[in-house]
A.B. asks: 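First the structure, which I've put down as C-alpha cells, then a few questions once you've had a look.
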Amino acid sequence: MMDIKRVISTIEKNYIKNNLKKGERIDGRGLWEYRKFKITTNTIASAEGSADVSLGDTKMITGVKYDIGEPFPDLPNKGVCTVMAELLPLASPLFERGPPDEESIELARVVDRGIRHADCIQTQKLCIKEEKAVYILFVDMYVINHGGNMIDCGGVSALGALISSRIPKGEWTEDGPKWTGEYFKGKELINELPLPITFGKISDIIFLDPSLPEELVIDGRITISVTEKEITSIQKSGTATFTREEIKILGEKAFENAKKIRKDLDFWQYANNSN
Amino acid sequence: MTLLIQDEYPKKLLREDGLRLDGRGLTDLRPIKMEVDVIKNADGSAYIEWGNNKIFASVYGPREVHPHHLAKPDRGILRVFYRMATYSVFERKRPAPGRREKEISLVISECLEPVLFLELYPGTSFEIFIEVIDADGGTRCASTTVAALALADAGIPMRSLVSSCAVGKVDGQLITDLSGIEDKAGDSDMPVAMTWFNDEISLLQFDGKMNQEEMDKSLDMAKDALENVYQMQLEALKKKYIQIQEGI
C-alpha cells in the first residue's frame, strides 16, 4: 500500500500514470472496472434509517434523521431533504478538524443534487399541512475510511439509508402535527434510484472509480448522476478538460454502470418492513 | 419544530422480578464486542459495540503539531477529539461540537495521558479521534476503552491499558453499566476508568446522590466490571495477531 501524503512523489505519479497508459491499474483492475460495494442497512438504532457502505477501502456510514418544520415559501406543499457530509479526521491524515471544508461541501452537494433532481424522494407526500408543516429529512454521511471515490460511495450510502428509513407519519390537528401511529417506508419515500458514477482523468486517459492513490495524481474527475433513464447532475472537478466526445461516451458508461450497480445491490431489498 | 414521537422514560427502571428493563441482573454488563485495526488509513484504530453504543476510534501520531504553537519542546502532547454523529441520538444533534463533547474529550485525554511516555516524544502530538455513531448511555466509558485499544493497536508504548465502565443507582439499587434510559431517568451515574499499571482510578465523575457506604460499594462493583472489560480488551488485541498468524 502506498503511503498517503498530501504531495505524491514524481516516481509514484509516473508509476501510476505509466500503468494507466498500458491499461493497467495499481490495484489490478481494468480501466472500466468498478470496485465492489458492500452494504449493510439499519445498523444505527438511533437513526430513522442508516447504511454502512464500503467501496473498496472507502467506508461511509450514513444516517437519516427527520424534523418537522415550515416549508420554503415557493414550495409550500413539499418536504425538504438536506445532505451533509463529514470528512472525519479519523478517516484519513488528509482530513482536518473544523467546519466543513470545500471537499466535504462538494461531496454533499454532488450527492444532494443527484438526489434532488432525480425526483428520488417523494417530497409531495412529506407534507403534513400546506404552508405550515413539512418534513425535513437530514441525510448525514460520515466518512470512516477514505480510500478514494467518496462521491459514488456517498451516493449509494445515501440511497441505502433513505430506502431503509422509517419516518413516523403525521397528521395536522389544532395543536399541531400529531403521530398517526404509522410510518413512511420504502416506496412511500423513494421513487427513483439515482446513482453518481465518477470517472478520473489523467492526461488523456479516462478510467472508472478512482482509488485514493489515483485520486492524488489525477488531473481531474467527472461525476455523472443518472436515474434509469435520465442524467440528473454532472460535476466536473479538478483541472482536467474533457472533449465533447468523451462526455458523450462517459454518459453512456454512467448509465451502463449505474444499471449494473442497481442490479447487483438490489436496493429495494433494504426497504424497512418492520412496524 | 417538534418530533412526532416523544422520548419517554418509564417510571420504574427495575422490573418486578428484580431484573433491569433489558433483562440484565444488577451487576451484568451489556454485550460488548471489540475489534482493532478497522480503519486502514489510521496508525491505530479500534471499534466497539457496547450494547447499542457503536464507536470508532483512530490514533495518529507521533506527528507534527498543528497549530505549531501548541507543541511542547520537552514532551509530546496528547489530544483527544470525542465527537457524536448527528444521527447517533434521539433528536438530531447539531454537527458542530458542543460543550459536552469538548468536556468529554478533555476528561478522556487526561485519563489516558498517565499511561503514555509523552516525555519521549518532544515536539510531537498524538491525536485520538473518537466518533460515536450510535449512542445509548455510557459513551464516555466505551470511548475511553476503545481509545486505549486504538493506542495499543498503533504500537505506541504504554504503561498499561485503560478500561472504563460506569456504575450508578436506579430505584435505590446499585447497578453496573447504565444504559441510556437508566442514565437519564436513574438516580446517579458514576463513570470510572482504571489504569492497570498502578491499579488506580484515572477517570472519575459523579452525578446524583449516594451516601458514603454506597459510594464505597459502587467503587468495588466498578473494579469487578473493569476486570471483565480489561480481559475483553486483551482478547481483542490478541485476536488481530491470531488472525495474521492464521493467514500465513
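Numbered from 1 within each chain, the chains take letters A, B, ... in sequence-line order.
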A.B. asks: Would you mind telling me which of B:Ala57, B:Ala150, B:Ala135, B:Pro95 has the largest number of heavy-atom pairs within less than 4.5 Å of chain A?
C.D. replies: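 Among B:Ala57, B:Ala150, B:Ala135, B:Pro95, the one with the most close pairs to chain A is B:Pro95.
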A.B. asks: Drop me the distance from A:Ser50's OG to B:Asp134's CG, to the nearest 0.5 angstrom.
C.D. replies: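 Separation between the atoms: 8.0 Å.
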A.B. asks: Roughly how far apart are A:Leu88 CG and B:Ile130 CD1, rounded to 0.5 Å?
C.D. replies: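 It is 12.5 Å, given to the nearest 0.5 Å.
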A.B. asks: With a 4.5 Å heavy-atom cut-off, do B:Thr86 and A:Met84 have their side chains touching?
C.D. replies: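 Yes, at least one pair of side-chain atoms sits under 4.5 Å.
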A.B. asks: Does a side-chain heavy-atom distance below 4.5 Å link B:Asn41 with A:Pro93?
C.D. replies: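 Of all side-chain heavy-atom pairs linking A:Pro93 with B:Asn41, at least one is under 4.5 Å.
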A.B. asks: Is a side-chain N or O of A:Lys59 found less than 3.5 angstrom from the main chain of B:Val38, in a donor-acceptor match?
C.D. replies: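 No, A:Lys59 side chain to B:Val38 backbone: no donor-acceptor pair under 3.5 Å.
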A.B. asks: Surrounding CZ of B:Arg24 (heavy atoms of other residues, nucleotides or ligands, distance under 6.0 Å), is the total greater than 12?
C.D. replies: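 Enclosed.
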A.B. asks: Do the side chains of B:Leu4 and A:Tyr66 get nearer than 4.5 Å, heavy atoms only?
C.D. replies: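 Counting from C-beta outward, A:Tyr66 and B:Leu4 do come under 4.5 Å.
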A.B. asks: Say you draw a straight line from NE2 of B:His66 to CZ of A:Arg97; how long is it, rounded to the nearest 0.5 Å?
C.D. replies: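 The NE2 atom of B:His66 sits 11.0 Å away from the CZ atom of A:Arg97.
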A.B. asks: Please check this pair: side chain of A:Lys65 against backbone of B:Ser88, looking for a donor-acceptor N/O pair closer than 3.5 Å.
C.D. replies: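 No, A:Lys65 side chain to B:Ser88 backbone: no donor-acceptor pair under 3.5 Å.
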A.B. asks: Checking heavy atoms, do the side chain of B:Ala96, its backbone, both or neither come under 4.5 Å from chain A?
C.D. replies: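 No part of B:Ala96 comes within 4.5 Å of chain A.
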A.B. asks: Would you find a donor on one side and an acceptor on the other, under 3.5 Å apart, between the side chain of A:Asp140 and the backbone of B:Ala85?
C.D. replies: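 Checked: no pair found.
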A.B. asks: Taking atom NZ of B:Lys93 and atom OG of A:Ser46, what is their separation to the nearest 0.5 Å?
C.D. replies: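 These two atoms lie 13.5 Å from each other.
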A.B. asks: Quick one: are A:Asp67 and B:Leu3 in side-chain contact, heavy atoms under 4.5 Å?
C.D. replies: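 Side chain of A:Asp67 against side chain of B:Leu3, heavy atoms only: contact under 4.5 Å found.
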A.B. asks: For each of A:Ile136, A:Thr180, A:Ile128, A:Thr43, tally heavy-atom pairs with chain B at distances under 4.5 Å, and name the one with the top tally.
C.D. replies: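 The candidate making the most pairs under 4.5 Å is A:Thr43.
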A.B. asks: Using ring centroids (six-membered ring only for Trp), state whether A:Phe138 and B:Tyr87 fall under 6.0 Å.
C.D. replies: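 Judged by ring-centre distance (under 6.0 Å), B:Tyr87 and A:Phe138 do not meet the cut-off.
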A.B. asks: Among A:Asp57, A:Asn145, A:Thr58, which residue satisfies the side-chain hydrogen bond (donor to acceptor under 3.5 Å, both in side chains) criterion with B:Lys40?
C.D. replies: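 So, applying the side-chain hydrogen bond (donor to acceptor under 3.5 Å, both in side chains) to B:Lys40 and each of A:Asp57, A:Asn145, A:Thr58, only A:Asp57 qualifies.
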A.B. asks: Could you check whether atom NZ of A:Lys125 has more than 12 heavy atoms from other residues, nucleotides or ligands sitting under 6.0 Å from it?
C.D. replies: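 It does: A:Lys125 NZ has more than 12 such atoms within range.
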A.B. asks: About how many Å separate CD of A:Glu86 and CZ of B:Arg83, when rounded to the nearest 0.5 Å?
C.D. replies: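 So the gap between those two atoms works out to 9.5 Å.
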A.B. asks: Tell me, side chain or backbone of B:Phe56 under 4.5 Å from chain A's heavy atoms, or both, or neither?
C.D. replies: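 The answer is both parts of B:Phe56.
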A.B. asks: Around B:Lys240, counting heavy atoms of other residues, nucleotides and ligands shown, do more than 12 lie under 6.0 Å from its NZ?
C.D. replies: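 Yes, the 6.0 Å shell around NZ holds more than 12 heavy atoms from other groups.
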